[in-house]
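Shown next, in structure tokens, is the structure this report addresses.
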Amino acid sequence: QVQLVESGGGLVQPGGSLRLSCAASGSILGRYYVGWYRQAPGKQRELVASITSIGITNYADAVKGRFTISRDNGKNTVYLQMNSLKPEDTAVYYCNVPYAFSGDIWGQGTQVTVSS
């Protein structure tokens, strides 16, 4: 099955930026719909952004205008550019390919902490 590895998380001050990466192996990521989710302590996992195989994007209202999802098919990677970060963006961020040939695939997550 396809494997997904997230990276790029870390500690950033409010108003700062991070770029998360979701690197895939075992499949061509560009063929699939990909979603970025996040889960904060005490909260349900929520869909943050998604991108289709033809580049159509969608965003949760909470991040619209601040986050951008994109893909680099040559690197088999999907990115989440996060700007103007807020403390409420603090969460573990996960990459998801729900309709991979082998099933619903998740990465291990990467921690994003927004704090002064």
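Residue indices begin at 1 and follow the sequence shown.
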When you compare the side chain of [Y] with that of [X], does any pair of heavy atoms fall below 4.5 Å?
X      : Y      : answer
Gln81  : Ser17  : yes
Arg31  : Ser53  : no
Leu80  : Thr68  : no
Val78  : Ile69  : yes
Ile56  : Ile51  : no
Ser115 : Leu11  : yes
Met82  : Tyr93  : yes
Thr90  : Val112 : no

Search all heavy atoms of [X] against all heavy atoms of [Y] and return the closest pair with its distance.
X      : Y      : result
Pro14  : Ser116 : CD-N, 3.6 Å
Ser27  : Tyr32  : OG-CE1, 3.0 Å
Thr110 : Gly8   : OG1-N, 4.2 Å
Ile105 : Ala100 : CG1-CB, 3.8 Å
Ala91  : Gln111 : O-NE2, 3.4 Å
Val2   : Ser102 : N-OG, 3.7 Å

Verify same cluster id: [X], [Y] (apolar side-chain graph, 4.5 Å):
X     : Y     : value
Tyr94 : Leu47 : yes
Val34 : Tyr59 : yes
Val5  : Leu20 : no

**OP:** Answer yes or no: does atom CD1 of Ile28 have more than 12 heavy-atom neighbours from other residues, nucleotides or ligands under 6.0 Å?
**Re:**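 No, because the 6.0 Å sphere around CD1 of Ile28 holds 12 heavy atoms or fewer from other groups.
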
Original post:
So, Arg45 side chain and Arg38 main chain: donor-acceptor pair closer than 3.5 Å or not?
Top reply: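 Between the backbone of Arg38 and the side chain of Arg45 there is no qualifying donor-acceptor contact (under 3.5 Å).
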
Subject >> Side-chain donor or acceptor of Gln108 paired with backbone N/O of Glu6 under 3.5 Å >> reply: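 At least one qualifying donor-acceptor pair exists.
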
**OP:** Kindly indicate whether a cation-pi arrangement holds for Arg71 with Tyr79, taking the cut-offs as under 6.0 Å to the six-membered ring centre and within 45° of the axis.
**Re:**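 The answer is no, since Arg71 fails at least one limit relative to Tyr79.
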
Original post:
With a 4.0 Å cut-off, would you call Asp89 and Lys86 a salt bridge?
Top reply: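 Looking at Asp89 and Lys86, the cut-off is not met.
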
Original post:
Under the side chain to side chain contact (heavy atoms under 4.5 Å, CB included) criterion, do Trp106 and Cys95 qualify, and how do the steps go?
Top reply: CA-CA 6 Å; Trp106 293 85; Cys95 183; over 6 Å; no

Original post:
Between Trp36 and Phe67, is a ring pair (Phe, Tyr, Trp, His ring centres under 6.0 Å) present by the stated rule, with each step listed?
Top reply: CA-CA 11 Å; Trp36 278 101; Phe67 291 11; 9.9 Å; no

**OP:** Could you tell me the separation between the CG atom of Asn96 and the OH atom of Tyr33, rounded to the nearest 0.5 Å?
**Re:**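 Answer rounded to 0.5 Å: 7.5 Å.
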
Subject >> Residue from Asp72, Leu4, Thr77 passing side-chain contact (heavy atoms from CB on, under 4.5 Å) with Leu29 >> reply: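 The side-chain contact (heavy atoms from CB on, under 4.5 Å) with Leu29 is passed solely by Leu4 among Asp72, Leu4, Thr77.
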
